[in-house]
Amino acid sequence: MVIYFLRHASAGQPFASPKKDEKRGLDKEGIDQCGLIGRFFAAADVQVEAIVSSPLKRAAQTAFLVGNEMGFDGKIQMEPALRPAGTYAEFRAVVEKHRRHDAILVVGHNPNLGEFLGKMISLSGGEAAIDLKKGAVARVDLRRNSGQLLWCVTPRVLRVLYSTAADNVRPKSSRK
C-alpha cells in the first residue's frame, strides 16, 4: 500500500479562537500550492483510490483542489483522526480501514501529520523527525507495519523544477 501524506496548503495566520480557526480557508498562495502539487501528481501519473482529509476547511480545500487537479473523481472522505488533535492510534485505524486500496492520499496538519509519517517509517517503533512544510507531500510505501519514505517534495521545490523545465524547453535563438 502507498500512502501519500499531504500537509494542507498555506492558509495565512491562525485565528485566536479555535472555532474560527477551524473555518480558516486557504489563501492565494495556498491555492497556488494546490495547483503545483496537483499538477505534479498528474505529471507523475499518481493514482489514488481514496482521498482522506481532516474536516477542517483548509485541509478539505487542499484535498479538493489537489484531487481535482490530479483527476480524482471519487468522494473525499472526512476523518476526525486527521484533525490537529488526532492520535497515531486513530490514524492507524484510518489506514487499516483503507488497507484494501493500493494507494491513498491523506491530508492533514502539523505537528501530528509529520509525527504519523515519522512513526510509519521508523523501524524501531520510535519516531523519525519529519517537518512537513505547508503544501508538502511525501510518499510512503507501507509493508506490513513499517514504511519506506520514497520522496518528499514541497511546493517551493516544484516551482523551481517547473521554472527550470520551462527555461530548458524554450526554443533557442538562431542569432549569435
Side-chain angles (χ1 to χ4, degrees), residues 1-14 18 21-22 24-44 46 48 50-70 72 76-95 98 103-142 146-162:
M1 171 184 211
V2 176
I3 304 174
Y4 295 96
F5 289 80
L6 174 59
R7 181 177 176 197
H8 71 79
S10 177
Q13 294 300 313
D21 198 55
E22 287 188 5
R24 180 168 44 104
L26 299 178
D27 58 20
K28 183 183 179 327
E29 180 183 355
I31 292 168
D32 291 343
Q33 290 171 340
C34 290
L36 288 167
I37 295 296
R39 286 190 299 279
F40 167 71
F41 275 156
V46 169
V48 296
I51 296 179
V52 185
S53 175
S54 158
L56 275 63
K57 185 174 182 177
R58 56 194 176 273
Q61 280 182 305
T62 299
F64 176 78
L65 292 171
V66 170
N68 189 52
E69 194 73 38
M70 65 189 284
F72 180 75
I76 295 172
Q77 301 168 42
M78 299 299 154
E79 276 289 345
L82 294 171
R83 295 173 67 89
T87 66
Y88 184 64
E90 293 168 331
F91 173 73
R92 287 299 302 201
V94 170
V95 171
H98 294 279
I104 64 171
L105 171 63
V106 295
V107 184
H109 312 266
N110 267 0
N112 64 346
L113 194 65
E115 291 171 11
F116 300 162
L117 171 57
K119 286 180 179 181
M120 293 293 285
I121 63 172
S122 174
L123 294 176
S124 66
E127 183 176 324
I130 306 290
D131 179 23
L132 286 173
K133 301 297 181 193
K134 289 182 181 171
V137 63
R139 176 185 169 156
V140 172
D141 283 7
L142 186 61
S146 69
Q148 178 181 18
L149 176 65
L150 292 186
W151 48 257
C152 182
V153 295
T154 65
R156 186 177 192 176
V157 167
L158 291 176
R159 274 191 195 96
V160 170
L161 289 174
Y162 289 145

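When reading the values below, keep in mind they use all heavy atoms of this one structure, side chains included, and skip hydrogens, waters and symmetry mates.
Here the side chains of Y4 and I104 are not in contact, with every heavy-atom distance at 4.5 Å or above. For the pair S122 and K119, the minimum side-chain heavy-atom distance is 4.5 Å or more. Here the side chains of R24 and Q13 are not in contact, with every heavy-atom distance at 4.5 Å or above. The shortest side-chain heavy-atom distance between V52 and H98 falls under the 4.5 Å cut-off. Under the 4.5 Å side-chain criterion, counting only non-hydrogen atoms from C-beta, V140 is not in contact with L150. Taking the side chain as every heavy atom from C-beta outward, P84 and L56 approach each other to under 4.5 Å. Residues L149 and R139 have side chains not in contact (no heavy-atom distance under 4.5 Å, counting atoms from C-beta outward). Contact check for L65 versus Q33: no side-chain heavy atoms found under the 4.5 Å cut-off.
Side chain of E115 to main chain of Y88: no donor-acceptor pair is present (N/O by atom type, distance under 3.5 Å, no hydrogens or angles). Although no hydrogens or angles enter the test, the distance criterion places a donor-acceptor pair under 3.5 Å between the side chain of Q61 and the main chain of L26. Listed for the R39 side chain is no donor-acceptor partner under 3.5 Å among the backbone atoms of E69. A donor-acceptor pair is defined here as one N or O able to donate and one able to accept, closer than 3.5 Å; no such pair exists between the side chain of D141 and the backbone of G147. For T62 (side chain) and R58 (main-chain N/O), a donor-acceptor pair under 3.5 Å exists by modelled atom type. Of the possible donor and acceptor atoms, none in the side chain of R7 sits under 3.5 Å from a partner among the backbone N and O of G135.
Of all the heavy atoms in P55 and E79, the pair that sits closest is CD-O, 3.4 Å. The shortest non-hydrogen separation linking M78 to P80 is O-CD, 4.0 Å. Between A81 and V94, the shortest heavy-atom contact is CB-CG2, 3.7 Å. For the pair M70 and V46, the tightest heavy-atom approach, listed with the atom from each and the gap, is CE-O, 3.6 Å. Minimum heavy-atom separation, I51 to A63: CG2-CB, 3.8 Å.
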Check against side-chain contact (heavy atoms from CB on, under 4.5 Å), V106 and L6: CA-CA 6 Å; V106 295; L6 174 59; over 6 Å; no
Intermediate values then yes/no, ring-ring contact (aromatic ring centres under 6.0 Å, His included), F41 and F72: CA-CA 10 Å; F41 275 156; F72 180 75; over 10 Å; no
Working for side-chain contact (heavy atoms from CB on, under 4.5 Å), residues V153 and L161: CA-CA 11 Å; V153 295; L161 289 174; 5.9 Å; no
Verdict with reasoning, L142 to V2, per side-chain contact (heavy atoms from CB on, under 4.5 Å): CA-CA 6 Å; L142 186 61; V2 176; over 6 Å; no
Criterion side-chain contact (heavy atoms from CB on, under 4.5 Å) on L36 and R159, from CA distance to verdict: CA-CA 7 Å; L36 288 167; R159 274 191 195 96; 3.5 Å; yes
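Between the CD atom of Q77 and the CG atom of L105 there is a distance of 11.0 Å, given to the nearest 0.5 Å. Expressed to the nearest 0.5 Å, how far CD1 of I76 lies from CG of N68 amounts to 8.5 Å. The line from CD of E90 to CZ of R83 is 10.5 Å long, rounded to the nearest 0.5 Å. If you take CG on L158 and CG on D32, they are separated by 12.5 Å, rounding to the nearest 0.5 Å.
Between D27 and K134 there is no salt bridge, since no side-chain N of the basic residue sits under 4.0 Å from a carboxylate O of the acidic one.
With 3.5 Å as the limit, one finds a donor-acceptor pair spanning the side chains of H109 and S54.
For F40, the ring-ring contact (aromatic ring centres under 6.0 Å, His included) test picks out W151, with sequence neighbours left out.
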